[in-house]
Amino acid sequence: MSGPRPVVLSGPSGAGKSTLLKRLMKDHEGVFGFSVSHTTRNPRPGEQDGKDYHFTTREVMQESIDEGEFIENAEFSGNLYGTSKAAVEDVRAKNLICILDVDIQGVRRIKKTDLNPIYISIQPPSMEILEKRLRDRQTETEESLQKRLEAARIDMELSKEPGVFDIVIINDDLEKAYEELKAILNEEIQKVQDTK
Ligand SMILES: Nc1ncnc2c1ncn2[C@@H]1O[C@H](COP(=O)(O)OP(=O)(O)OP(=O)(O)O)[C@@H](O)[C@H]1O
Ligand SMILES: Nc1nc2c(ncn2[C@@H]2O[C@H](COP(=O)(O)O)[C@@H](O)[C@H]2O)c(=O)[nH]1
């Protein structure tokens, strides 16, 4: 595949991936494009269909998966999530750096493709802080929160395995985490800006 290298942002739910990637996209207009995933979970207040996610049903999504329309898909906290081939192609056609926000299962599946992204894990400073962030966000029921914390424990262990990620960023101080993220992406950002 040609064009700038895509970027996979992963890490536990609540670690701060969306916060960091939204800021990155806002500060670098015309450089990044978000790969809009599909999900069967319900939209949160303020989330827009087609922008944050393609919100869909399990039946419809499973049919598309069976037809080979997805690069990867995974079950997370009782819902189905996945990256369609079209989501990535839409960004790459514009010659932008494609950002994929996926869980650890997605990372493993993407590693089996020819996408060749930069793999970045965003980690919280501790489980306690992660739980506080998720509770304060007020997007989860107690049941879905517990499922996310369980998935987070697994994610935090797996992210320590050598070779899974190019960089693991601890998102304690947001400014510092953002500077680290920009630094690792600087070369790709420069390449896109130079073509403009
Ligand atoms: N460094 C930080 N310090 C304090 N709060 C933070 C920090 N980074 C993010 N947050 C807050 O933590 C909450 C979770 O962040 P965010 O929604 O970006 O996480 P996420 O990794 O994208 O989660 P999900 O995978 O569930 O979408 C948000 O309310 C956000 O404002
Ligand atoms: N494997 C995939 N994981 C995805 C995808 N899109 C999002 N995600 C991950 O799901 C959880 C929960 O997200 P939320 O928006 O419900 O809080 C989070 O870890 C995301 O990274 C995807 O297409 N594939």
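Remember, it's 1-based here, ligands and their atoms both numbered in the order they're listed. Count residues from 1 along the sequence. All values derive from a computational prediction rather than experimental measurement.
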One should read off an interatomic distance between S35 OG and K85 NZ, to the nearest 0.5 angstrom, of 13.5 Å
Shortest protein contact, [atom] (heavy atom only):
atom: atom 13 (O) of ligand 2; answer: Y53 OH, 3.3 Å
atom: atom 24 (N) of ligand 2; answer: E72 OE2, 2.7 Å
atom: atom 22 (O) of ligand 1; answer: S18 OG, 2.6 Å
atom: atom 3 (N) of ligand 2; answer: D103 N, 3.1 Å
atom: atom 23 (O) of ligand 1; answer: G14 N, 2.8 Å
atom: atom 25 (O) of ligand 1; answer: K17 NZ, 2.8 Å
atom: atom 8 (N) of ligand 2; answer: D101 O, 3.5 Å
atom: atom 23 (O) of ligand 2; answer: S37 OG, 2.6 Å

Side-chain donor-acceptor contact under 3.5 Å, T39 with N79 =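 Judged by distance alone, the side chains do not pair up.
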Can [X] and [Y] be counted as an ion pair, charged N to O under 4.0 angstrom?
X: E128; Y: R133; value: no
X: E179; Y: K176; value: no
X: E140; Y: R137; value: yes
X: R153; Y: E157; value: no

Can you list the atoms of ligand 2 that are under 4.0 Å from a heavy atom of [X]?
X: A74; result: 1 (N)
X: R41; result: 14 (P), 15 (O), 16 (O)
X: R148; result: 12 (C), 14 (P), 16 (O), 17 (O)
X: G106; result: 1 (N)

Side chain, backbone, both or neither: R109 near ligand 2, heavy atoms under 4.0 Å:
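It is neither; nothing of R109 touches ligand 2.
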Short version for R44: what comes under 4.0 Å of ligand 2, heavy atoms counted, is side chain
| task | May I ask whether L100 and F70 are part of the same hydrophobic cluster, defined by side-chain heavy atoms of I, L, V, M, F, W, Y residues being less than 4.5 angstrom apart, directly or through others? | result | no
- Query: Does R148 have a heavy atom less than 4.0 Å from any atom of ligand 1?
  - Reply: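 Yes.
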**OP:** Assess N171 for proximity to ligand 1: is some non-hydrogen atom of it under 4.0 Å away?
**Re:**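 Per 4.0 Å heavy-atom rule, N171 contacts ligand 1.
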>> Taking atom CD as the centre, does E161 end up with more than 12 heavy-atom neighbours from other residues, nucleotides or ligands that are less than 6.0 angstrom away?
In response: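 Buried by this count: over 12 neighbours within 6.0 Å.
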Can you confirm whether more than 12 heavy atoms, excluding those of E67, are under 6.0 Å from its CD atom?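 More than 12 heavy atoms, drawn from other residues, nucleotides or ligands, come within 6.0 Å of this atom.
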H38 versus ligand 2: do any nitrogen or oxygen atoms come within less than 3.5 Å of each other?
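Min N/O separation from ligand 2 is not below 3.5 Å for H38.
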Pairwise side-chain contact, P6 with I97, heavy-atom cut-off 4.5 Å (strictly under):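 P6 does not reach I97 side chain to side chain.
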May I ask you to check if ligand 1 and L134 share an N or O to N or O distance below 3.5 Å?
-> no
Just which atoms of ligand 1 are under 4.0 Å from any heavy atom in P12?
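Answer for ligand 1: 21 (O).
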Near L174 (heavy-atom distance under 4.0 Å), the atoms of ligand 1 are 1 (N), 8 (N)
- prompt: Pick one: which of H54, E47, Q48 meets side-chain contact (heavy atoms from CB on, under 4.5 Å) with K51?
  reply: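 Only one of H54, E47, Q48 forms a side-chain contact (heavy atoms from CB on, under 4.5 Å) with K51, namely Q48.
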Assess Q105 for proximity to ligand 2: is some non-hydrogen atom of it under 4.0 Å away?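 No, Q105 has no heavy atoms under 4.0 Å from ligand 2.
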Exercise. Is K17 near ligand 2, meaning one of its heavy atoms is under 4.0 Å from it?
Worked result: yes
key: Stepwise side chain to side chain contact (heavy atoms under 4.5 Å, CB included) check, N186 with K182   = CA-CA 6 Å; N186 192 41; K182 272 195 306 186; over 6 Å; no
cation_pi(K111, Y119) dist<6.0 Å, angle<=45:
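Yes - K111 lies over the ring of Y119, closer than 6.0 Å to its centre and within 45° of its axis.
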Which option, [options], owns the non-hydrogen atom nearest [atom]?
atom: atom 19 (O) of ligand 1; options: G16, S13, G11, A177; result: G16
atom: atom 5 (N) of ligand 1; options: R133, K176, R137; result: R133
atom: atom 31 (O) of ligand 1; options: D172, L130, L9, T19; result: T19

Check: N171 side chain, A15 main-chain N or O, donor-acceptor pair, under 3.5 Å
yes
- Between H38 and F55, does a ring pair (Phe, Tyr, Trp, His ring centres under 6.0 Å) hold up when you go through it step by step? CA-CA 6 Å; H38 283 62; F55 295 100; 9.8 Å; no
